[in-house]
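For reference, the structure discussed in these notes is given below.
It should be emphasised that the depicted structure is a prediction, and the values quoted were computed from it without experimental measurement.
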2 protein chains.
Amino acid sequence: MAWDTEGTRRRLKEAATVEFAEHGPDGTTMARIAERAGINKERLYKYFGDKQALFETVLTDELKKLAETLGPPPGDFENIGEFVGRNFDYHVAHPHLVRLLLWEGLAGGPVADEAQRSAFYQDKTRAYAAAQRAGILDDDLDPDHLAFMVIGLSAWWVSTPQLARMLTGADDDDATEHARRRASVVRAVQRLARPPGADRAR
Amino acid sequence: MAWDTEGTRRRLKEAATVEFAEHGPDGTTMARIAERAGINKERLYKYFGDKQALFETVLTDELKKLAETLGPPPGDFENIGEFVGRNFDYHVAHPHLVRLLLWEGLAGGPVADEAQRSAFYQDKTRAYAAAQRAGILDDDLDPDHLAFMVIGLSAWWVSTPQLARMLTGADDDDATEHARRRASVVRAVQRLARPPGADRAR
DNA sequence: GAGAATTCCAACCGCAACGTTGTAGATGGG
DNA sequence: CCCATCTACAACGTTGCGGTTGGAATTCTC
């Protein structure tokens, strides 16, 4: 049988994503990743270097997936609510990414792929600023802060699930509660970003 | 010299707070806690049980400190913006608590002191609901979700410092940026919670 | 003031984790 | 067809962790 190096690489990375998202950098063991992938542990070191490098690879990969799934931010921000709603859906369906981000922030180590990501966020900020100048978004908040808070609003539910549970009294996989949360996020973003008077459709 | 059991207990707990907040449950070692406190490791087990119990003790303690420092939520929510601003200041000055909360949520294990905390949050939700009925807060969002998002807005900056840095381009200990962030949080909460037309003081 | 009880500590135990090494099989150019 | 090269793996070495134990020093109790 021919080698399937790309396949083993992919399987290792998928296993690493699950393990890292679940247990974090410190709680994850290289042996468990290899075991989950059904591949020998040593391959991890050959392909990805050490644990830290593997974590960074996994994180940048998941960020890319999000960007590809959601597509570029809508040219106009008229419908920012729905855009963030889709963002929220994504985070609830794949909590991997938010969890990886939180662990990255908590660890305080090097930031994976910092240059690319900074550039991405600066683009985003510029887009927000343009929409504010066009009057589509309110300019009450500075564009970078607005962008940051919008991310927060859609990611916060996944970030502190225990608070969410204690406050709402609902389980994480409750479908009707999910819909209620989504609606709240959409409405909150509209209140935050849209000029007063817009989105009056109650 | 007389025994100072309460003192050693306190020193151990303080050291544990720092270590747990910094490195998380998995990244923290009992030996390092003891070393930081200058006390023998075995005392930790005598006083606090095992690692998990120590973590829960530390977390509930920090939650109590926040509640005592900020005092009860203001009877009326007219000034919810400033209240949340003080909350934000606290989290920036003592990031311990938010970090512990994030780690608790990520670990997914048992929630420390769940009964008390649930009761606390339900009280909070009731207070929000009352303010909504009184017309002080807008009832656009359900009170539990509003409470949850308000917490998120003031804690999100500490939760993903690397995103904050990449978006704002500012260091975490930049004083003018702190003021700017605080103002954004206050304004955002007002937009989120207050009826349209209130807080028009630009 | 003697002995029970408690505080404190150094040393230890079992175990699991990271990362490496030595080797068996597969591949491909000359 | 041969040998350098690459993939893959089992087993290992070392380190460091959570938790325990035996005993010395100190305080309390009667």
Side-chain angles (χ1 to χ4, degrees), chain A residues 1-59 99-100 103-104 106-110 112, chain B residues 1-61 99-100 103-104 106-110 112:
Chain A
M1 163 178 55
W3 297 123
D4 180 17
T5 74
E6 208 43 54
T8 57
R9 234 190 104 94
R10 203 201 57 237
R11 278 156 65 199
L12 283 174
K13 199 157 63 183
E14 284 172 3
T17 306
V18 176
E19 290 288 330
F20 274 132
E22 188 70 18
H23 304 110
D26 284 322
T28 297
T29 77
M30 299 295 266
R32 279 180 60 104
I33 295 175
E35 195 180 350
R36 171 182 289 269
I39 312 269
N40 190 271
K41 186 175 60 156
E42 181 263 0
R43 291 289 87 196
L44 285 171
Y45 293 93
K46 199 74 164 185
Y47 286 148
F48 302 101
D50 62 0
K51 202 189 198 184
Q52 172 68 25
L54 176 56
F55 180 80
E56 296 183 18
T57 303
V58 162
L59 176 50
R99 294 174 62 92
L100 291 170
W103 260 308
E104 181 190 49
L106 286 168
Chain B
M1 166 176 50
W3 297 124
D4 180 15
T5 75
E6 208 44 53
T8 55
R9 235 191 104 93
R10 203 201 57 237
R11 278 157 63 201
L12 284 174
K13 200 157 63 182
E14 284 172 3
T17 305
V18 175
E19 290 288 330
F20 274 133
E22 188 71 18
H23 307 287
D26 284 322
T28 297
T29 76
M30 299 295 266
R32 280 179 59 106
I33 296 175
E35 196 179 349
R36 172 182 286 270
I39 311 267
N40 189 273
K41 184 175 61 153
E42 179 264 2
R43 290 289 87 195
L44 285 170
Y45 292 93
K46 198 74 164 185
Y47 286 147
F48 301 101
D50 61 2
K51 201 191 199 183
Q52 171 67 24
L54 176 56
F55 181 80
E56 295 184 18
T57 304
V58 162
L59 176 52
T60 38
D61 231 60
R99 294 173 63 92
L100 292 169
W103 259 308
E104 182 190 47
L106 285 168

Exercise for the section: With heavy atoms under 4.0 Å as the rule, sort A:L44 into base, sugar-phosphate or nothing. Expected result: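 The residue A:L44 makes no contact with any strand.
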Exercise for the section: Give one of base, sugar-phosphate or nothing for A:K46, where a contact means two heavy atoms less than 4.0 Å apart. Expected result: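 No contact.
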Please tell me which of the listed nucleotides, [options], lies nearest to the side chain of [X]?
X: B:T8; options: C:dC8, D:dG18, C:dA17; value: C:dC8
X: B:N40; options: D:dA8, C:dA10, C:dT7; value: C:dA10
X: A:Y47; options: C:dC8, C:dG19, D:dA8; value: D:dA8

Provide, to the nearest angstrom, the distance between the [atom1] atom belonging to [X] and the [atom2] atom belonging to [N].
X: A:D50; N: C:dA17; atom1: CG; atom2: P; answer: 17 Å
X: A:Y45; N: D:dT7; atom1: OH; atom2: C1'; answer: 18 Å
X: A:F48; N: D:dT7; atom1: CZ; atom2: C1'; answer: 15 Å
X: A:R43; N: C:dC18; atom1: CZ; atom2: P; answer: 18 Å
X: B:L54; N: D:dG19; atom1: CG; atom2: C1'; answer: 13 Å
X: A:E35; N: C:dA16; atom1: CD; atom2: P; answer: 12 Å
X: A:K41; N: C:dA16; atom1: NZ; atom2: P; answer: 13 Å
X: B:Q52; N: D:dC17; atom1: CD; atom2: P; answer: 19 Å

Handout entry: Student check: side-chain heavy atoms of B:F20 and B:R99 closer than 4.5 Å
Key =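 No; the side chains remain at least 4.5 Å from each other.
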Practice task
Take B:E42 and A:K51, find for each the nucleotide of DNA chain C with the closest heavy atom, and name the residue whose nucleotide sits nearer the 5' end.
Solution key: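 In this pair, the answer is B:E42.
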Nearest heavy-atom pair of [X] and [Y]: which atoms, and what distance?
X: B:A34; Y: B:L12; value: CA-CD2, 4.5 Å
X: B:E56; Y: B:P110; value: OE2-CG, 3.6 Å
X: B:A37; Y: B:R11; value: O-NH2, 3.3 Å

Could you give the side-chain donor-acceptor pairs of residues 22-30 of chain A under 3.5 Å, partners two or more places apart or in another chain?
from	atom 1	to	atom 2	distance (Å)
A:H23	ND1	A:E19	OE1	3.2
A:T28	OG1	A:E19	O	3.0
A:T28	OG1	A:G24	O	2.7
A:T29	OG1	A:R32	N	3.0

